[in-house]
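This report refers to the structure that appears directly beneath it.
Counting convention: from 1, in listed order, for ligands and their atoms alike. For the numbers below, each heavy atom of this structure counts, side chains included, while hydrogens, waters and symmetry mates do not. Positions are given from 1 along the sequence.
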Amino acid sequence: MALFMPFQIVASGIALPGCPETCGDIHIISYPFGIGPNCSLPGFELICNMSNGSPTPFLLINNIPVLEIVSYLWSEQPNVLVNNNITSICMSNATSSLNLSGTPYWINNRNKFVVVGCDIIASITFGNETNKHPGSCRTMGCYNPDSITYPYDNNFCSGAGCCQISVPEEVNYYQISLQSQNYNSSKQYNSSQCGHAVVTQSYNYVNYDELYVYDTLYQQQQMPLYLDWSIGNEGCKMAQANKSSYACIDNHSECVESDNGPGYLCMCSDGYEGNPYLEGGCQDFSVAIPSV
Ligand SMILES: *[C@@H]1O[C@H](CO)[C@@H](O)[C@H](O)[C@H]1NC(C)=O
Ligand SMILES: *[C@@H]1O[C@H](CO)[C@@H](O)[C@H](O)[C@H]1NC(C)=O
Ligand SMILES: *[C@@H]1O[C@H](CO)[C@@H](O)[C@H](O)[C@H]1NC(C)=O
Ligand SMILES: *[C@@H]1O[C@H](CO)[C@@H](O)[C@H](O)[C@H]1NC(C)=O
Ligand SMILES: *[C@@H]1O[C@H](CO)[C@@H](O)[C@H](O)[C@H]1NC(C)=O
Ligand SMILES: *[C@@H]1O[C@H](CO)[C@@H](O)[C@H](O)[C@H]1NC(C)=O
Ligand SMILES: *[C@@H]1O[C@H](CO)[C@@H](O)[C@H](O)[C@H]1NC(C)=O
Ligand SMILES: *[C@@H]1O[C@H](CO)[C@@H](O)[C@H](O)[C@H]1NC(C)=O
Ligand SMILES: *[C@@H]1O[C@H](CO)[C@@H](O)[C@H](O)[C@H]1NC(C)=O
Ligand SMILES: *[C@@H]1O[C@H](CO)[C@@H](O)[C@H](O)[C@H]1NC(C)=O
């Protein structure tokens, strides 16, 4: 999993008091995220599902498995890394969608829509409540599962057996359509013979391994997706006017405008670190680390 962790989180005691801070592999669940309705802000509730042996956290919204939470401002827009479903085209054309409208989540534009397979016409419409961004790409030639030739050069995913589309800014839904004449209902398919598409963390965001994209797409059911999040759907000025709902409650916290979609975020003031969403959450850094 180290491949997917461009950020380091160093903190503790950042859940709401009395609330669990871990679920399976996620060791730091910091407020506004939390397990259960009384431990989280609306939209940030996680379910820690114990039913298949190892505890797995899911966003209550859309039932999406969570891989990693970066829940307060470190140096960038905070993210949550989730597992996204892969859409496959085997015996017939396929469609799928994700709609996060009305939730705190926005699709980070370092993700990409990646399509692998034979002669697939892939369409994806990204959008938000007011704007739509339709796009399409086509994989040319036929990716032959019997003689895999990965494109190792700079032309990775430029059309031959693979094509991709960038994610626009400020979008919170997408609709996918995959069409092909190469796949038909008179043939038996296994997963490596089908075409696959997913909106996923861009391969060039971290040192993304091209082989990894192919292998994962062909073998697994899900791939990691970065979601940005923010509080509410108005900016700092409006949010600060209502003290009962304003989320930056620590005395040493500040409001920052979200840079993906409407809403705001909180951060600890200069010299303080911790969780700005909790009373007493921002700690004086110079006191916390004794000087020699
Ligand atoms: C949440 O808090 C409310 C009010 O304090 C309480 O009535 C309710 O039982 C709590 N729910 C859970 C799941 O703990
Ligand atoms: C936990 O996962 C199981 C199996 O995937 C599912 O049937 C169940 O509904 C889940 N429980 C909750 C509370 O989401
Ligand atoms: C993935 O599929 C499951 C089951 O259909 C659905 O509950 C979940 O919301 C989907 N996740 C995403 C990110 O679309
Ligand atoms: C997304 O969900 C919202 C709220 O549930 C709904 O109003 C909207 O029509 C949906 N958008 C799409 C493109 O399905
Ligand atoms: C799939 O889409 C292609 C291209 O639009 C079309 O020619 C073909 O008939 C479709 N196949 C099915 C089974 O609908
Ligand atoms: C459909 O599958 C059959 C059986 O594998 C194959 O002979 C035929 O060429 C396929 N048709 C197309 C249009 O690919
Ligand atoms: C899937 O099909 C490919 C190509 O025919 C074959 O090499 C591979 O062994 C098959 N995989 C499984 C799991 O059946
Ligand atoms: C302030 O926030 C509270 C809690 O979310 C809400 O009930 C109330 O309507 C808000 N007041 C105004 C003036 O928007
Ligand atoms: C929707 O996206 C456009 C950019 O495409 C942006 O200007 C607009 O503010 C967004 N609307 C909402 C409600 O986020
Ligand atoms: C925040 O400031 C208020 C007013 O100065 C003070 O009463 C309160 O104790 C402070 N809270 C914390 C957690 O320091």
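Of all atoms in ligand 3, numbered sequentially from 1 with element shown, those under 4.0 Å from a heavy atom of I64 are 13 (C). Close approach to H133 involves these atoms of ligand 9, each under 4.0 Å from a residue heavy atom: 5 (O). For ligand 3, the atoms closer than 4.0 angstrom to any heavy atom of N63 are 7 (O). Residue-ligand proximity, P262 to ligand 9, at heavy-atom distances under 4.0 Å covers atoms 14 (O). In the vicinity of T130, heavy-atom distances shorter than 4.0 Å reach the ligand 9 atoms 1 (C), 10 (C), 11 (N). For ligand 3, the atoms sitting less than 4.0 Å from at least one non-hydrogen atom of N84 are 12 (C), 13 (C), numbered in the order shown with element in parentheses.
The protein non-hydrogen atom at the shortest distance from atom 13 (C) of ligand 9 is E129 OE1, 4.0 Å. For atom 10 (C) of ligand 9, the closest non-hydrogen atom of the protein is N128 ND2, 2.5 Å. If you check which protein heavy atom lies closest to atom 9 (O) of ligand 1, you get N38 ND2, 4.7 Å.
Put simply, the side chain of S180 gets close to the backbone of D119: a donor and an acceptor are under 3.5 Å apart. Distance alone, capped at 3.5 Å, places no donor-acceptor pair between the S40 side chain and the P32 backbone. A donor-acceptor pair is defined here as one N or O able to donate and one able to accept, closer than 3.5 Å; such a pair exists between the side chain of T139 and the backbone of G117. Judged by distance alone, the side chain of N84 and the main-chain N or O of P224 form no donor-acceptor pair under 3.5 Å.
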Pair Y173, V171 - check side chain to side chain contact (heavy atoms under 4.5 Å, CB included), show working.
CA-CA 6 Å; Y173 75 79; V171 295; over 6 Å; no
Can L98 and N62 be said to form a side chain to side chain contact (heavy atoms under 4.5 Å, CB included), step by step?
CA-CA 9 Å; L98 175 64; N62 293 51; 3.7 Å; yes
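If you look at P168 next to ligand 9, there are no close heavy atoms at all, none under 4.0 Å.
Ring pair W229/Y277 is tilted by interplanar angle, where 30° to 60° counts as tilted. Using bins of under 30°, 30° to 60° and over 60° for the plane-to-plane angle, the ring pair Y105/F33 lands in the tilted bin.
In terms of heavy atoms, N260 sits closest to E169 at OD1-C, 4.3 Å.
Within the 4.0 Å heavy-atom cutoff, W106 counts among the residues contacting ligand 9. Under a 4.0 angstrom heavy-atom cut-off, G261 registers as lying outside contact with ligand 9.
Distance remark: protein heavy atom not present below 4.0 angstrom from atom 5 (O) of ligand 3.
Counting heavy atoms from C-beta outward, R138 and I121 have side chains that approach closer than 4.5 Å.
Below 3.5 Å of separation, one finds no N or O of E169 facing any N or O of ligand 9. Residue-to-ligand polar distances place N85 within reach of ligand 3: an N/O pair is separated by less than 3.5 Å. Residue-to-ligand polar distances place N62 within reach of ligand 3: an N/O pair is separated by less than 3.5 Å.
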